[in-house]
There are 4 protein chains.
Amino acid sequence: MGRPPLKKKSIERSALELFVEKGVDGTSIRDIATRAGVTEGALYRHHKGKEELVRALFLEHFTRFAALIAATQAPQKSFAEVITKLVEVFFTLHDEDPPVFEFIMVARHRVLDEVRADEKNPVELIYRLVKEAIKRGEIPDQNPDLLTELMIGMVLQATVGVRYERLKPPLTKHAKAVAKACLAVAGTTKR
Amino acid sequence: MGRPPLKKKSIERSALELFVEKGVDGTSIRDIATRAGVTEGALYRHHKGKEELVRALFLEHFTRFAALIAATQAPQKSFAEVITKLVEVFFTLHDEDPPVFEFIMVARHRVLDEVRADEKNPVELIYRLVKEAIKRGEIPDQNPDLLTELMIGMVLQATVGVRYERLKPPLTKHAKAVAKACLAVAGTTKR
Amino acid sequence: MGRPPLKKKSIERSALELFVEKGVDGTSIRDIATRAGVTEGALYRHHKGKEELVRALFLEHFTRFAALIAATQAPQKSFAEVITKLVEVFFTLHDEDPPVFEFIMVARHRVLDEVRADEKNPVELIYRLVKEAIKRGEIPDQNPDLLTELMIGMVLQATVGVRYERLKPPLTKHAKAVAKACLAVAGTTKR
Amino acid sequence: MGRPPLKKKSIERSALELFVEKGVDGTSIRDIATRAGVTEGALYRHHKGKEELVRALFLEHFTRFAALIAATQAPQKSFAEVITKLVEVFFTLHDEDPPVFEFIMVARHRVLDEVRADEKNPVELIYRLVKEAIKRGEIPDQNPDLLTELMIGMVLQATVGVRYERLKPPLTKHAKAVAKACLAVAGTTKR
DNA sequence: AATGAATGAGATTTCATTCAT
DNA sequence: AATGAATGAAATCTCATTCAT
């Protein structure tokens, strides 16, 4: 094995940040190279092109995210417990590296259109949680799709609040409050 | 007078729809012209370029939105009443013309960076409502920034749910439920 | 006969001025229309297009210029008299309407390539004067081409001096001095 | 390093020639690329655009010209000596590379508007020479601005004469005659 | 006579990608 | 591994001209 690819990480990090700041379509190879302190050709040593780079970055992080999120699931846990855990996990993932979290949010539609109804899709996961909680009487009967959206909306918007400096980081400090809000909306009966 | 601007509306509508579908940077002038059934040059009779077109479309609709949203304000109304009204107004605006609503959401960061801390900014408006409600004891003492984000998150995510066909339109059908969710999160004491 | 073409003169004057200020290629139809206070189409009511407009403007004024210049010729006059008269005529034409004079200078190569070795060409005219003066012994034997260029250079550069505000107009005030310079260069022996 | 910039010189030379032949506004990027044997985009590797290319070419050569012209200055030399030297230098610069000389003439108004009253401006330099010569009694009292223009006019028109094949190159062959003409116009008293 | 929207051609510029070094 | 000149295609924009009004 030769020397480690010194610039690879730099290229990938620069790309990720720029994708968040200006969008994938708004970011050029030259933008990435400039920020990474390399020249345009260097990117092609490591990736086939811009779209492949987006895909690679997405899958690298999303896989990790999905695994951590899936691990929150446990049949014996109550709806309240799982939701609380989920919010914590989401916020921890965000705080760990906010640009990475934001990139996943930005890139998911572009990449996930191929993976749409995937079981790993957090929307699907939460939807199933809600359905089961209703069936088990943990929360009142209601439109499970709507509740899913509302909870997801609160979690995601909290990350937006941090990005625009309307909420003080770290986000994990707000996890309890947001989880409580989710349960309030769900109308959780038992604790 | 020369020919009346038959194609202006068509160009603007096509642009707006494409901006929502593929993003501003992902939409080319050619895309717009093709959908509008004109040649590329026609756009420049009416707008200086793509960025100016985005700005013009945004300001046109945002101004109308802001006026309607500001009109929900009335000093004698309770927090619950105003929030309920606001959700209704948001959802009505959405249902009226979902692409226009979505375009405003998509374009706001691009355009509003110049208008940031504007009083017309709905985030600001809701924040002030929350602060006053806390002061008047209508809702428990809490982080007003967080509550603001949570309510906004729910409202916006509901529109996303419709876009991805996870929620059945029209959105106004869900207004009552979403308003109730907002009040549940706020912990409204009086009704 | 209907109304007179009110805007025709305005278009032509605006075009002429812009051709001088920014060059023919640097001036667009829109530039002309804007300065003339009309719309783009109006020009085509009076002229076939930009090139034809240049040609028309050039020929209109050049014809008049050429006639006045040709009138300076008289067989019985001395070289000194004709040169003095010529400088006066040139400077009078310039002072009468400097933009017109400058336009003729700017456009001559573009238009005169068709008329090149024309007898009306002032260069040709002066060249013949010089040749005859040498033959008649009015001036010393010398390179007639060079003398021609030197005299033309002085006359034209004087107009440039006025344009760049290095010489005080009117130019006719300098006619005597420039004529004297021409004769000094020629080495005129008799007066 | 990547490939050495094989085509840069070719692009710049082609541009310079075309600017002289057809004017800057009459020359398209495509014209330049075609003559240089490259594609249109290649130009942008080396220059920001056409205007910047004009500026770069102008400054590169003008700086060299100005240095050589300034070097003709020496306090102990007579007006006649300096003028003779100046004409020689101008003509040598012209003969060395006529297109470069002509380009400087063509581009100077476009670029020099920013550098106008610069001391390096040859017009200024000659003006100062003339003023001093008058003060020192080397030439009769007269309008120094006019004399400056007349001398410049002769020198420049000589280069025009060569371009239009009315004067036989090389121009340096005519230097003595033109210098003599300048001194005749100035009315130099001492030799 | 004049308007000005629209066209069609082309000019300028950007950009992902390739490749010789 | 990295460079950066150059390409080829596409995007943005300009402009002379036409034509319905």
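Letters A, B, ... are given to chains in the order of the sequence lines, protein chains preceding strands, and every chain is numbered from 1. Model, not experiment: these values are computed from the prediction.
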- prompt: Would one find a side-chain N or O of D/H46 under 4.0 angstrom from OP1 or OP2 of F/dG4?
  reply: no
- request: Mind checking A/G49 for me? I need base, sugar-phosphate or nothing, with any heavy atom below 4.0 Å counting as a touch.
  value: sugar-phosphate
- request: Quick one: label A/L43 by what it contacts on the DNA or RNA (base, sugar-phosphate, nothing), any heavy atom closer than 4.0 Å.
  value: nothing
message: The test is salt bridge (charged side-chain N to carboxylate O under 4.0 Å, His left out); show your working for C/E52 and C/R55 and say whether it passes.
response: CA-CA 5 Å; C/E52 192 275 331; C/R55 236 187 108 74; over 6 Å; no
query: Would you say the side chains of A/T34 and A/D31 form a donor-acceptor pair under 3.5 Å?
result: no
query: When you match D/R45 and C/I11 each to their closest nucleotide on DNA chain E, which lands nearer the 5' end?
result: C/I11
- prompt: Does the side chain of C/H109 reach to within under 4.5 Å of the side chain of D/Y164, using non-hydrogen atoms?
  reply: yes
query: Just one of B/R35, B/R30, B/K50 clears the salt bridge (Lys or Arg N to Asp or Glu O under 4.0 Å) bar with B/E40, so which one?
result: B/R30
query: Could you give the CG-to-C1' distance, from B/L6 to F/dA20, as a whole number of Å?
result: 10 Å
- line: A/K48 atom NZ is separated from E/dT18 atom P, nearest whole Å, by 9 Å
Any residue of residues 15-40 of chain D with a heavy atom less than 4.0 Å from an atom of DNA chain E: D/S28, D/I29, D/R30, D/E40
query: Under 4.0 Å between a side-chain N or O of B/K8 and OP1 or OP2 of E/dA5?
result: no
- request: Give, for atom NZ of A/K7 and atom CG of A/L43, the distance between the pair rounded to the nearest 0.5 Å.
  value: 13.0 Å
query: How far apart are the C-alpha atoms of D/L156 and D/V160, what are their side-chain angles, what is the distance that settles it, and do they pass the side-chain contact (heavy atoms from CB on, under 4.5 Å) test?
result: CA-CA 7 Å; D/L156 296 188; D/V160 173; 5.6 Å; no
message: Show me, range against range, the stems involving DNA chain F, built from at least 3 consecutive Watson-Crick or G-U pairs below 3.5 Å.
response: E:2-21 with F:2-21
